[in-house]
Amino acid sequence: MAAYLSRLHHISLHVSNVDKVAHELVSRFQFNVFAARLTDRAKQLALRRGSAVFVVNERPSEAPRRLNERQDLNCLYGAHAHYPVDTVSNVCFEVEDVQRASAALRDRGLCEFLQPPTEVADDSGRVTFSIIRSPVGNVCHTLIDRSRYQGLFLPGFHQVRTDSETAGRSQCPITHFDHITYACPRSSTAHITRWYRDTFGFQRFFIDRNEDVDEGYVLNHNGIGLRLTAMEYWKCSESGITLPFKDEQEPDCKFVIAESLPQQGRNQVDTFLDQHRGAGIQHIGLYTEDIVRTAQTLSLSGVQFFSPPPAYYTEVGKQDEIVAAGHDPHALSQYGILLDTDIHTDTDSQRYLLQVFTKPIFREDTFFLELIERRGATGFGEGNIRALWRSVQAYMENEERHETERENKPSKQQ
Ligand SMILES: O=C(O)C(=O)Cc1ccc(O)cc1
Ligand SMILES: [Fe+2]
């Protein structure tokens, strides 16, 4: 049987400069540092906005010198700290019983354990966790049971007092992680979806009504070469129900697998795989209750967004569509926000999806964030996927052109 997940607990980043990335998340993205673990050999900061929690870990620039130098001492609750570039490398889930879940996975030979079930305690109680490797590049999953822990975050972390988290809430109503998008090599999707189904009971989430079960959602024309396959799971209740009864339980963060298709030339998924040196987490969607206000607040604090070509907002019907959704086309165009409308034929009701991508967060192009607001729409709209894709491609091609120009310019010293 699969190990069913109670909920997503936090997402870990491994970066060469914790202070720089934490500062970016605090000053620009309005996250609050609420817990920290600072030792001789570790620097770990926990940051929160709503229920979205990032743990930013300092990654050592070298692999451990001695074999007995345990990497997990550097990074409690994480593993695999050594990686050549800044990366998002762990999605930590709460489970009800780490021992039982780990034993079930081990018995079925489904996954490799980087850390067997381990207990950590402090004055506020104890937690048990284990760490498994995912089939996606450097991504690992920590499984944790914190039901016997009364502290603020996790044992080993101390509380950091900041201004109340509710400050600025109305200006930046980010509430949770909406989805995590993996960039993966060609033909790897089937293996990944099977692994998540067998390991955690994930089910397919169809992006399009006509999507083929095996093929996924394929966009393979007009310069877009992308295969998207989405998966979802349900939060298991505290009452011990361990089967995901769809109707009774709440869906949690979705997972999207992006594969590039070769026919349309080099693209953003290929760039990620090169710069990240392998598959991994390309971006994370942050859910907001008010995308325009959030984009405005983040933009004032220095966050930059990708914009679609300006013609997007003046295309026939787009202005009317935006107005019908209760938005101002000028406000959306100011921040590059995209709108997708899905007319539900059964009820004749309209559902909207609003999204925008931020520019890369790390030095290499190995991670960015997305803002997403859903008005009834639960999936990913085709119009938005195309426009998001194009907004990133236009930026990348521009960057590459500048790079070539810089390389071709004769240097003054010569
Ligand atoms: O629509 C979304 O939010 C996605 O996550 C789909 C997606 C995935 C990868 C890309 O490079 C561009 C778009
Ligand atoms: Fe996304």
Side-chain angles (χ1 to χ4, degrees), residues 8 11 52 88 91 136-137 139 174 176-186 188-189 192-193 204-208 211 216-220 222-232 252-262 264-276 279-288 291 294-295 305-309 312 336-342 351-361 365-375 377-397 399:
L8 197 154
I11 297 177
V88 183
V91 180
V136 179
V139 178
I174 290 172
H176 59 273
F177 292 126
D178 179 87
H179 64 277
I180 295 173
T181 298
Y182 289 145
C184 293
R186 296 197 179 118
S188 61
T189 298
I192 296 167
T193 51
R204 277 291 294 283
F205 176 88
F206 292 100
I207 292 171
D208 187 78
E211 181 179 327
Y217 181 54
V218 173
L219 287 164
N220 202 9
N222 297 334
I224 308 180
L226 176 69
R227 181 198 307 284
L228 287 181
T229 310
M231 305 176 288
E232 66 180 340
D252 206 357
C253 182
K254 290 185 176 62
F255 282 71
V256 179
I257 304 165
E259 237 188 60
S260 98
L261 300 170
Q264 311 288 325
R266 245 189 90 72
N267 62 47
Q268 54 207 264
V269 176
D270 302 319
T271 302
F272 176 92
L273 295 174
D274 281 356
Q275 299 210 0
H276 186 260
I281 295 177
Q282 180 218 34
H283 77 263
I284 293 174
L286 297 172
Y287 187 85
T288 169
I291 196 168
T294 304
F305 298 103
F306 282 120
S307 292
Y312 174 88
I337 299 168
L338 307 164
L339 173 91
D340 213 295
T341 310
D342 174 23
R351 301 168 182 205
Y352 303 104
L353 180 66
L354 296 122
Q355 288 167 285
V356 65
F357 280 174
T358 74
K359 294 216 173 137
I361 309 287
D365 191 355
T366 51
F367 181 54
F368 58 88
L369 288 165
E370 169 190 333
L371 299 177
I372 181 163
E373 179 186 340
R374 298 179 181 280
R375 300 268 188 92
T378 54
F380 303 89
E382 169 167 356
N384 273 13
I385 295 170
R386 284 178 193 285
L388 287 166
W389 178 269
R390 292 209 170 102
S391 66
V392 180
Q393 283 304 121
Y395 168 83
M396 270 179 32
E397 279 151 26
E399 287 283 291

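One-based numbering, in listed order, for ligands and for the atoms of each.
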Legend entry - Protein N, O or S within less than 2.8 Å of the Fe ion (ligand 2), waters excluded: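 Short answer, with waters excluded from the count: His179 NE2, His283 NE2, Glu370 OE1.
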Say whether, by atom type as modelled, one donor and one acceptor occur between the side chain of [X] and the main chain of [Y] under 3.5 angstrom.
X: Tyr182; Y: Gly137; answer: no
X: Asp340; Y: Gly383; answer: yes
X: Glu259; Y: Thr189; answer: yes
X: Thr358; Y: Leu369; answer: yes

Legend entry - Close-range residues for ligand 1, whose non-hydrogen atoms fall below the 4.0 Å threshold: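 Within 4.0 Å of ligand 1, the protein residues are His179, Thr181, Leu228, Ala258, Gln268, Gln282, His283, Gln355, Phe357, Glu370, Phe380, Ile385, Leu388, Trp389.
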Inset, instruction - Look up atom NE2 in His176 and atom CG in Asp252, then write down how far apart they are to the nearest 0.5 Å. - result: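 Taking NE2 in His176 and CG in Asp252, the distance rounds to 8.0 Å.
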Legend entry - Option among Ile174, Leu353, Val356 that satisfies the side-chain contact (heavy atoms from CB on, under 4.5 Å) test with Ile372: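 Only one option passes, and that is Leu353.
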Legend entry - Set of ring-ring contact (aromatic ring centres under 6.0 Å, His included) partners for His179, sequence neighbours left out: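 Checked His179 against ring-ring contact (aromatic ring centres under 6.0 Å, His included); matches are His283, Phe380.
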Inset, instruction - Side-chain contact test, heavy atoms from C-beta onward, threshold under 4.5 Å: evaluate it for Thr294 versus Leu286 and give yes or no. - result: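 When only atoms from C-beta onward are counted, Leu286 and Thr294 do not touch, as no gap falls below 4.5 Å.
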Inset, instruction - List for me each residue that meets side-chain contact (heavy atoms from CB on, under 4.5 Å) alongside Asp270, sequence neighbours excluded, and say none if there are none. - result: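 Here the qualifying residues are Arg186, Ser260, Arg266, Asn267.
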